[in-house]
Structure formats: C-alpha cells, structure tokens
Amino acid sequence: MSDLDAVWLSLQLAGITVILLMIIATPVAWWLANTRSRLAPWVESFVALPLVLPPTVLGFYLLVLLGNDSPIGAFWVSLTGSTLTFSFSGLVLASVLYSLPFAVQPLQGAFESLGRGPLEAAYTLGAGPLDAFFSVAAPMAGRGYLTAVVLCFAHTLGEFGVVLMVGGNIPGQTRVIAIAVFEHVETLNYAAAHILSGGLLAFSFTVLFIVYALNRRFPIRVVGR
Amino acid sequence: MNVLAAKCRVVHSGFSLDAELDLPLEGVTALFGPSGSGKSSLLRIIAGLDRVAGNQVMLGGEVWQDDSKGVFMPPHRRSIGFVFQDTQLFPHLSVDANIAYGMKRAGRRAPRHGIGQIVDILDLGALMDRRPSTLSGGERQRVAIARAVMTSPKLLLMDEPLSSLDIERKDEILPFIERLAHEIGTPILYVSHAIDEVLRLASTLVLIARGRIVAKGPIEEVTSRLDLHPYTGRLDAGAVLRSTVSAHERERGITRMVFPGGELVSPLIDANIGTSINVRIRSRDVSLSLDAPKRTSILNILPGRVVQIEDSGGPQAHVLLDVGSPLWARITNVSVKELGLKPGMSVYALIKAVAVDRRSMGRPTAMDISLDRE
C-alpha cells in the first residue's frame, strides 16, 4: 500500500510543480525572449544550472538554504509551524528549481519564434500588452507550453537526488516513486522495484509518445502560413 | 477633414529619416519611394509601433506622440488600422474570429461599417469559417484588410500590402482595395514601392527618398513633374487622369468619364455613376496629331498644348502635354521633327479607349467578363 502512496505523492508533487512552474516560468521566459538587458545571460545561466549540476550538489545547497537555521527556513517555520526541509512543501520548492530549465527553455524558444509581428498586429487591433499576451502570444506558443508541461511533469516524476537530499524518505510526505524504488532495491525486493519502475517507464513513454504524435499530426504553427 | 502632422527624425548607422508631414487626410495618400527609403519606418512611427525619442505625431487635435511634453499614446489606444505586408493573421483563430478580434476591442468607437458591407466589398463570404493557413496569399491579405477596417479607425495604414504577392494575386486584390477606398470613406495612408499600385490607388502622392520627403501633392501633378521622374521611375509609367464616371452606354459597351479638361471614353466598367477613378494612361498609348482627325477608330481625341519635349537620347522622345491635366506621350524623334513640335503648340492627343486601365474598378471577374464580351 505504501507504494501506492508513493505513486500518489509523486503525481501530486509533479502536478503542483508543473502548475507553479508555468506561472513562474512564463514571465521569466517572456522577459528572456524580449529583453536586450545585459542581465539576460546571468539569468539564463542560473536557470540552466540544474541541467549540469549533480542533483546532490543542488540538493545540498537547498538543504543549507532551506534548513531551520537559515533565514528562509526560519521564516517558514515561524509562518507555518513546520519545517521546509524533510516536508512536502520543501520538496515542491526543490522540484520547481530543479525543473525550471525544462519550463523556461521551451517557452523562451516558442516566444522567440513568434517574433514581434503577431503582438504588433494585436496592438493595432486595440489589444493592450496583457490582453495581447493572453489572446495571441500564449495560444500561439501552445506547442511550447505543451512541451514544457510534459517535460516538467516527467522530469519531476523522475527526480531522485534532490528529493533524497532535501526530503529524505518519509512515507506520505517525501517518499516518492524514485525513492521507493531505491529502497526496494536496497532491501533486495526486486519484485516491488520491477512493478514501480515498469509502471513509471510505461507511463513516461506513453505520455511522451502522445505528445510527439500529436505534434506530428497537429503541428501548432507559429508562422501564419 | 483630419490633418495628420508628423515630425520624424531617426538616425541609425547607415540610415536616416528626417521627414515632416502635414497631410490633410482624404482618400488614398501614397507614401512612395524605393526600398530602404524610410517610408515603412515613418508608417511604424505614426502607428506607434516604433517609438523614437523626440518625434511628434498628431492626428486632428489628438496628440499621439510629443516627447517634449512626455506624451506617448501606445498603439492600442490610437484610432488606427494597420495592414501588414505579411498579413499577421492569427493562425489559431478562424477568419471570422480574426475579424471579430479587432471589432471587440474597438468597442469605444462606433462601428462605421456593417460587417456585411465589408465582407461583401472584399468578397469574404465563403472564407469566414476557414483557418488562415488554408487561404491563398491574396485571400489572407483581404481578410487582414477587413480586420483592420472593421475597427473603424480614423486612419488606415497599409504597409506594402501587396508586395509579397505575385503579379496575378496583386491584380486579384487591387480592385478590392480600390473599391474599399471609394466606399468606406476612411482615409488611407498607403506605403508602396510599386508605381503601378500607387498610380492606380492614390489621390495624393508623397515621394520619399533616402529618408527625405522629395515632393508631395495631387498624384497627377507629382507624376507629371519631369524633375521627379528619377524617383517616379520610367517615363513609360504615364500619367493619371483623375476622372469621375459620368455615363454608361450599355448598348454601345462604353463608359464615359469626365476629368479636369475633358471627357474620356472607355470600355464599359463596373462602377457607379459619380465614382471617382484613377485612369492611368501609359505614354506609349498616346499618339499626337496636329489636326483633329476625322473618321478614325480612336475614341479619345483630346485637344491640348505641348508643354515640354524630353529627348531621352534614344530614338524616342517623351512629350508632356496639357490637356487640362498633364499627359505624357511617347513618340519617335522622327515624328517630333516631322510635326515640328515645339512647346506651346496646339496638338490633339489620341488615346485608344482600350488604354484605359482594364480593371480599374469593381471585382476582377465581373470586369473581365464585361470586357471579354466586346
């Protein structure tokens, strides 16, 4: 039963992470796609860090940053009464950082390929900047959003190192699928490890397959041809 | 009548624009010049799509940009319609929804035209449910024009709307723009580097080269100035007679039109009486005669005076005539000598009726049918 809890927890974590990431990554990607600021390469490098850092390094820094002795960790405790590390909230925060490049990069690419044209057309038709974004830019970047959502979801489901560092292995709190598999292998319970691993493999493949197949059959066209 | 006043100064490396416009807006005003002359930049500044510090744009009494007073009205608050060269239709919306997009957001302005009227003029009825990606280039541009017009702008800006189309598509869409210009009553500022489009559509011409305004005025005046021909292009382009349809003689298959100075006869065209029309007369279609010819097949015989003879160096000369309006004739140097043409002489200009632009008005299909029947 605890394995089912792990599956449910993983899905919750991935779902919440994806929602938060879309909200956070949209303005970041929009800014990166449109800015000429000298700050841009700094922000881009920071966003891409999780791609190259070992998860343990990221996890270690997060542990230090979110621990009860740190200002952030202490503030969270005073606010909610519970700690950020070794909790579901901390896990969400870690996942958001860990999957950030998988949200920002496809969105940035989609916004860049839009160009200025569609927005300028929207402006001349009476749409303000925010209106133009939601009615034109976001729908036209639909493929970027689809890619971002799927990649973030799958990547969050698959994370291990960061979770282990920040969250540990608390059933119902931080024991996600990847941790459960690790535990089963450690205790030589290969049958249980097979079930979880196979399930995750099949699920991930199916989702990716649907996305790629949809992209082929109904390409979301960015240029008006 | 609204006046558009703009003072624009842009300096980039290798490009500068320094233009001051003060245009009474009425009918179609063409901003004409070669590629890279700055006409599109000027249009984008007027629209507010590009903001260049220090510029000034005013329409009527409304200040759109005046940096000395810290005023900049963003494009979505300006009462403009903008037709882009590459249409910029929204690919995720149907034709219908593309047009509705602007109408919804133009809420504050009273709609000046029924959607039915515009759909009819631009012949969009069969396209309304389609997606932009399934339309031809000409169809897309017609939808883009409808979308801009339906916001009921005070000023319609068109940025080379035909330049990405091939000749056939161009011929397909020009009559629509022409009809629109006559029927909607919204002033149009039309940017183009193609003299034939300009001759056909514009009532006022602003000539722009290397970022400077070289000349502006009524089209027939500007195109007849010899000193401007390096800009307006080949002398063959001819002249424009701004005419008004006065009568149709259906049994004879002809239409009569009056222009300042006389009357023109053309094959029957599909336009209401009273419609004003730019009739373009190519210089090669005009011959000269010292006496009024009798018993001739030529229907248009206009008395006039030689103003100037321009020897282009080759076997041919261009003769500028005044027949009430300026008119160019291209004849051989031999003829100039034999007739002893001199400035000030009275002559008759002979124009074949068929030289009147075939598809000056109305839908191309209807026009072709009425002409092919003759």
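When reading the values below, keep in mind they use all heavy atoms of this one structure, side chains included, and skip hydrogens, waters and symmetry mates. Just so it is clear, the structure is predicted and the values come from calculations on it, not from any experiment. Residue numbers begin at 1 in each chain, while the letters A, B, ... track the order of the sequences.
Near-neighbour residues of residues 51-61 of chain B relative to chain A, defined by a heavy atom under 4.5 Å from a heavy atom of that chain, are none.
In terms of heavy-atom proximity, B:Phe84 sits nearest to A:Ala121 at CE1-CA, 3.6 Å. Taking every heavy atom of both residues into account, B:Phe90 and A:Pro118 meet most closely at CE2-O, 3.4 Å. The nearest pair of heavy atoms linking A:Val136 to B:Tyr101 is CG2-OH, 3.5 Å. Residues B:His76 and A:Ala127 share a closest heavy-atom pair of CB-O, 3.1 Å.
No more than 12 heavy atoms of other residues, nucleotides or ligands shown are found within 6.0 angstrom of OH on A:Tyr61. Shown here is A:Leu79, whose CG atom has more than 12 heavy atoms of other residues, nucleotides or ligands within 6.0 Å. No more than 12 heavy-atom neighbours from other residues, nucleotides or ligands sit within 6.0 angstrom of CZ on A:Phe75. More than 12 heavy atoms of other residues, nucleotides or ligands lie within 6.0 Å of CZ in B:Arg130, so this atom counts as buried by the packing criterion. By the neighbour-count criterion of 12 heavy atoms within 6.0 Å, atom CZ of A:Phe60 is sparsely surrounded, having that number or fewer from other residues, nucleotides or ligands.
Rounding to the nearest 0.5 Å gives a distance of 12.0 Å between CZ of B:Arg78 and OG1 of A:Thr124.
Side-chain contact check for B:Phe82 versus A:Leu125: every heavy-atom pair is 4.5 Å or farther apart. Put simply, the side chain of B:Pro75 does not reach to within 4.5 Å of the side chain of A:Glu120, judged on heavy atoms.
Listed for the B:His92 side chain is a donor-acceptor partner under 3.5 Å among the backbone atoms of A:Ser135.
The salt bridge (Lys or Arg N to Asp or Glu O under 4.0 Å) test applied to B:Arg131 returns no partner, not counting sequence neighbours.
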